[in-house]
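Scroll down for the structure; my scribbles are underneath it.
The shown structure was predicted, so the numbers you read here are calculated from the model rather than taken from an experiment.
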Amino acid sequence: MTTEPAAQPDKPADTQRKPTRRARGYAVATASLVVLAIATLAWWTPQPSAGTVDITDFTAGTWQDRWVCGQAGSFVQTPGGLRTLSPGASTVIFRSRLAAPVSIDYQAEMEAGAFPGDLSLIWSEREGVDREPWNLRDGSRRVILVQHAAFENTHSTLRDDGGQVVLARDNRRLQSGRTYSMRVELQRDAITAFIDGEVVLHSELAVPLTSGYVALYGHFPGKIFRSARITRLGPATEPPLSAGDALLRAGHYDDAAEAYGAAAELQPGTPVAELARYRKGYAEHLAGSKQQARRAWAALRDPELLTRVEILQLDDLVYTGSRDRAYARFAELWPTASPANHRVLVQRWQDWIRAAITDPAFGDDQLGTLLAVRSRHFPDDAVSGEATAAALLSMRRYDAVLSGFASYSQQRYMALLALGRGDEVLAGDWALSWQRAHTRFVTGDMEAVVKDPYSAPVQVAMALCKLDRAHEAIPLTPDRHPGLLHAGRAQELLADARLPPDCIGQALIALGRGGELLDTASAEMRASAAYGTALRLAGRIDDAERQHGGPLPGLRLIAALEGGSREAVANALGALRRTHQPLIHTEIGADNWFSFAVVDAYAAWILDGDVRGAASLLREKGALLRHDVARRPTLVGAVIAGDADLGSLAGLPFRSEADAWTAVATALRSELAGDLTTAAAAYARFSALPMHRRLLADNLPNAEVERFVAWRQRRLAATRAPVTPP
């Protein structure tokens with residue numbers, strides 16, 4: 001079930017005289033025929049009566065007449081069937097639009113020795129998928145995923161809203177080298193998925209299916225689809241609520257309400273009329289016409305639908321702030337609700353969790369209350385576990401995620417990274433390939449990213465750039481980014497009209513044209529990381545914080561050091577330290593670790609003059625971040641503290657950054673030792689490096705380093721005197 005819009009003011013009542021109830025019914029019915037004629041073009045395709053629609057043998061060459069590949073070259077036909085070739089998603093789509101109810105039976109297997117991944121099915125209600133198969137999942141219309149061996153064979157899952165809403169989950173894993181018989185029944189109001197005749201996934205749908213395209217979906221090479229059979233499960237005649245359903249899914253809520261009202265008028269006293277009245281009220285509810293919805297629902301007699309109405313009305317309480325009343329009513333509804341309405345209640349709860357995570361108006365106390373609702377009523381429900389773990393993550397309760405929800409790999413991985421335990425992600429056999437790839441970037445294992453056959457091309461390209469092999473990265477991506485950037489050929493990137501705004505901004509900064517970026521940036525560009533970096537480099541901290549959406553305490557500390565006020569330095573240092581208490585490792589990245597690990601120690605030395613204390617702080621921060629930010633804090637801090645020689649920086653995981661960090665570490669080490677001549681020369685060496693050798697924050701300069709070095713150069717050039725506390 002999707003999240004309904006926030007409550008809106010009801011529409012003003014119609015003051016004109018209305019026709020009789022029966023006359024209105026027939027008038028609306030006539031109008032609905034016109035609406036239906038339009039809607040049918042995109043939403044309902046007449047098909048043969050109940051029975052077989054198509055049988056396809058993917059081992060034979062005739063399948064191309066009825067199916068189309070979503071991506072050219074993603075499949076190869078073999079004697080055993082269609083075999084996936086793509087390192088990512090591969091889809092093969094039935095060319096004809098289908099109307100629910102329909103079933104799809106297909107035989108599939110994960111080839112022995114192949115990397116595990118989906119043997120799944122997609123239902124897309126987008127128009128024209130047969131002509132534009134690459135847009136199967138573009139999100140403009142409903143997309144439902146029925147996934148087996150999902151997320152690298154960790155579970156089966158049924159998801160609505162393009163994957164955002166979990167409807168059902170089963171933690172089974174499939175065996176490689178074994179052919180499975182899959183069946184998916186797409187009823188108008190429910191979906192059921194079977195494996196070898198056993199029900200694995202099932203859920204009723206709050207919003208019915210209309211018509212759409214089906215696709216078989218495999219992930220990673222070596223997924224084989226042998227055959228498929230498509231069967232209509234109902235009559236060829238159009239169901240009475242089809243027009244309303246189609247309009248509802250398209251977001252035409254007022255028209256949908258009219259169509260449902262016509263259906264109810266034409267079949268009084270029938271279950272169809274009851275359902276039509278319920279959906280009429282639902283459409284009006286979505287349109288913000290709450291009083292009209294209540295009038296439609298007042299005529300209901302079906303207890304199941306009446307309960308469904310009460311569940312929908314809980315949203316009004318939750319989103320208008322009467323949450324305690326909503327949760328109390330939830331507790332009253334739960335004991336007597338049917339299994340179907342239990343599932344609807346859980347879906348509403350998941351939507352409230354998602355809203356609470358993203359809306360600061362809820363707060364951690366409300367998240368805690370919502371988690372208590374689950375603990376009381378459905379503590380062992382697998383479908384809601386993912387949302388529960390996400391809520392715990394947002395509350396920074398990482399240990400609770402690891403102790404209670406370790407089977408949810410995404411949340412487990414995020415919790416471990418937040419705790420600075422990326423090494424455990426790499427050591428476990430549960431992590432997904434992309435999670436491992438990202439963790440390797442965090443911990444600095446670039447060679448493994450390059451060698452992993454399941455790393456995405458853009459990941460390999462970035463790893464090669466950081467390994468100082470940018471020339472090898474250039475041919476790996478269609479726009480040749482970031483290879484050209486790190487190879488010092490940013491000008492060539494600007495000639496590519498396809499380049500996204502953030503990449504254009506990166507190129508301009510690498511060419512020393514950050515001021516031009518600030519002067520000419522579009523609205524889309526102003527939201528990019530590159531634009532934020534340009535603001536920081538220009539010293540526009542207030543603007544940078546507004547663009548960032550929060551404080552930048554590292555830049556504030558550097559500005560305080562530059563300003564020369566001892567009190568300001570002490571205050572800014574305190575603010576920086578409070579920002580990272582408790583330490584959340586995922587909040588320390590390539591763009592801010594320098595202030596956390598190095599400028600902190602430098603500022604402490606400025607304030608108290610204790611060189612040993614500064615060295616101790618460098619060691620402490622390096623130990624804390626030993627599995628973070630590609631080990632830069634550990635290695636750079638050890639050199640500045642005098643625990644390692646300068647040559648050790650040649651072994652940085654990000655070798656392309658070695659010259660820059662060697663210059664910075666030499667300068668700071670020399671300052672602590674009182675050798676200002678060497679320090680000044682080292683700072684100058686850093687500034688003399690071309691910008692593409694100073695991309696220390698992924699594809700951008702580190703603004704903290706740039707601002708700090710520029711200040712120290714000015715100060716040393718002006719005074720050439722020992723550094724003293726201001």
Taking side chain as C-beta onward, heavy atoms only, is Arg526 less than 4.5 Å from Leu518?
-> no

Apply side-chain contact (heavy atoms from CB on, under 4.5 Å) to Asp423 and Thr443, showing your working.
-> CA-CA 7 Å; Asp423 56 322; Thr443 58; 5.7 Å; no

Side-chain contact test, heavy atoms from C-beta onward, threshold under 4.5 Å: evaluate it for Val705 versus Trp661 and give yes or no.
-> yes

Leu537 backbone acceptor or donor facing Arg707 side chain under 3.5 Å | yes

Note, Asp452 side chain near Val460 side chain (heavy atom, < 4.5 Å) = no

Kindly determine whether Tyr413 and Leu432 satisfy side-chain contact (heavy atoms from CB on, under 4.5 Å), including the steps that lead there.
-> CA-CA 9 Å; Tyr413 143 81; Leu432 307 185; over 6 Å; no

For the side chain of Asn592 and the backbone of Glu587, is there at least one donor-acceptor N/O pair under 3.5 Å apart?
-> yes

With a 4.5 Å limit on heavy-atom distance, are the side chains of Arg513 and Leu494 in contact?
-> yes

Just how far is it from atom CD of Gln435 to atom OG of Ser409, taken to the nearest 0.5 Å?
-> 4.0 Å

Which pair of non-hydrogen atoms, one from Gln491 and one from Leu511, has the smallest distance, and what is that distance?
-> OE1-CD1, 3.5 Å

Heavy-atom closest pair (Gly554 atom, Leu576 atom, distance to 0.1 Å) is N-CD1, 4.0 Å

Give, for atom CD of Glu562 and atom CZ of Phe708, the distance between the pair rounded to the nearest 0.5 Å.
-> 11.0 Å

Ala389 and Val401: which non-hydrogen atoms are nearest, and at how many Å?
-> O-CG2, 3.8 Å

Is the count of non-hydrogen atoms from other residues, nucleotides or ligands lying under 6.0 Å from His438 atom NE2 greater than 12?
-> no

Would one find more than 12 heavy atoms of other residues, nucleotides or ligands at under 6.0 Å from atom CZ of Arg556?
-> yes

Nearest non-hydrogen partners of Val569 and Ala603, listed with the distance = CG1-CB, 4.2 Å

Between Leu367 and Ser394, which heavy-atom pair has the shortest distance, and what is it?
-> CD1-OG, 3.3 Å

Return yes if a side-chain donor-acceptor contact under 3.5 Å exists between Glu152 and Ser433, otherwise no.
-> yes

Can you tell if the side chain of Ile588 reaches within under 4.5 Å of the side chain of Leu583, non-hydrogen atoms only?
-> yes

Drop me the distance from Arg632's CZ to Phe594's CZ, to the nearest 0.5 angstrom.
-> 12.0 Å

Does atom CD of Glu447 have more than 12 heavy-atom neighbours from other groups under 6.0 Å away?
-> yes

So, the side chain of Glu545 versus the backbone of Leu552: is there a donor-acceptor pair under 3.5 Å, distance only?
-> yes

At what distance, to the nearest 0.5 angstrom, does CD of Gln547 lie from CZ of Arg540?
-> 10.5 Å

If we only count heavy atoms from C-beta on, is the His627 to Val442 side-chain gap below 4.5 Å?
-> no

Taking all non-hydrogen atoms of both residues into account, name the closest pair between Pro116 and Asn153 and its distance.
-> CB-CB, 3.6 Å

Please walk me through it: do Arg536 and Asp591 pass salt bridge (Lys or Arg N to Asp or Glu O under 4.0 Å)?
-> CA-CA 11 Å; Arg536 300 177 200 193; Asp591 62 342; 3.6 Å; yes

Flag, side chain of Thr84 to backbone of Ser90, donor-acceptor distance under 3.5 Å | no

pair Glu704-Ile558: side-chain heavy atoms closer than 4.5 Å | yes

Evaluate whether atom CE of Met414 has more than 12 neighbouring non-hydrogen atoms of other residues, nucleotides or ligands under 6.0 angstrom away.
-> no

Evaluate the ring planes of His580 and Phe596, with Trp represented by its six-membered ring, and classify them as parallel (under 30°), tilted (30 to 60°) or perpendicular (over 60°).
-> perpendicular

Could you verify whether a donor N or O on one side chain and an acceptor N or O on the other, from Glu386 and Gln411, lie under 3.5 Å apart?
-> no

Does Ala150 offer a backbone N or O that forms a donor-acceptor pair with the side chain of Thr154 under 3.5 Å?
-> yes

Backbone of Leu426 reached by a side-chain donor or acceptor of Thr439 within 3.5 Å = no

Tell me yes or no: between the side chains of His486 and Asn699, is some donor less than 3.5 Å from an acceptor?
-> yes

When rounded to the nearest 0.5 Å, the distance separating OG of Ser595 from CG of Leu573 is 10.5 Å

Per side-chain hydrogen bond (donor to acceptor under 3.5 Å, both in side chains), Tyr683 is matched among Glu671, Arg715, Gln713, Arg714 by Glu671

Measure the shortest side-chain to side-chain distance between Ile353 and Thr388 over non-hydrogen atoms and say whether it is less than 4.5 angstrom.
-> no

Are Arg712 and Tyr602 close enough, and set up right, to give a side chain to side chain donor-acceptor pair (under 3.5 Å), and what steps lead you there?
-> CA-CA 12 Å; Arg712 294 313 303 146; Tyr602 186 93; 3.0 Å; yes

Does Ser687 use its side chain to pair, donor to acceptor, with the backbone of Ala684 at less than 3.5 Å?
-> no

Let me see the working for Arg693 and Asp468 under salt bridge (Lys or Arg N to Asp or Glu O under 4.0 Å), right down to the final yes or no.
-> CA-CA 10 Å; Arg693 304 296 295 175; Asp468 218 6; 2.7 Å; yes

Measure the OG1-CD distance between Thr533 and Glu706 for me, rounded to the nearest 0.5 Å.
-> 10.5 Å

Below 4.0 angstrom, N of the basic side chain to O of the carboxylate: do Arg397 and Asp364 qualify?
-> no

Carboxylate-amine/guanidinium proximity below 4.0 Å for Asp610 and Arg612 = no

Is it possible for you to check whether Arg694 lies under 6.0 Å from the centre of the six-membered ring of Phe686, through NZ or CZ, and within 45° of that ring's axis?
-> yes

Any side-chain donor paired with an acceptor under 3.5 Å for His481 and Gln506?
-> yes

Ring centre gap for Tyr408 and Trp430 strictly below 6.0 Å = no

Mark yes or no for whether Arg498, through its side chain, and Pro478, through its backbone, hold a donor-acceptor pair below 3.5 Å.
-> yes

For Arg655 and Leu652, indicate whether the former's side chain and the latter's backbone hold a donor-acceptor pair under 3.5 Å.
-> no

Under 3.5 Å, side chain of Thr678 to main-chain N/O of Asp675, donor-acceptor pair present?
-> no

Trp593 and Val636: CA distance, side-chain angles, deciding distance, side-chain contact (heavy atoms from CB on, under 4.5 Å) verdict = CA-CA 11 Å; Trp593 75 264; Val636 174; 4.1 Å; yes

Presence of salt bridge, Asp600 and Lys621, under 4.0 angstrom = yes

Check against side-chain contact (heavy atoms from CB on, under 4.5 Å), Val639 and Arg669 | CA-CA 7 Å; Val639 171; Arg669 180 172 176 161; 3.7 Å; yes

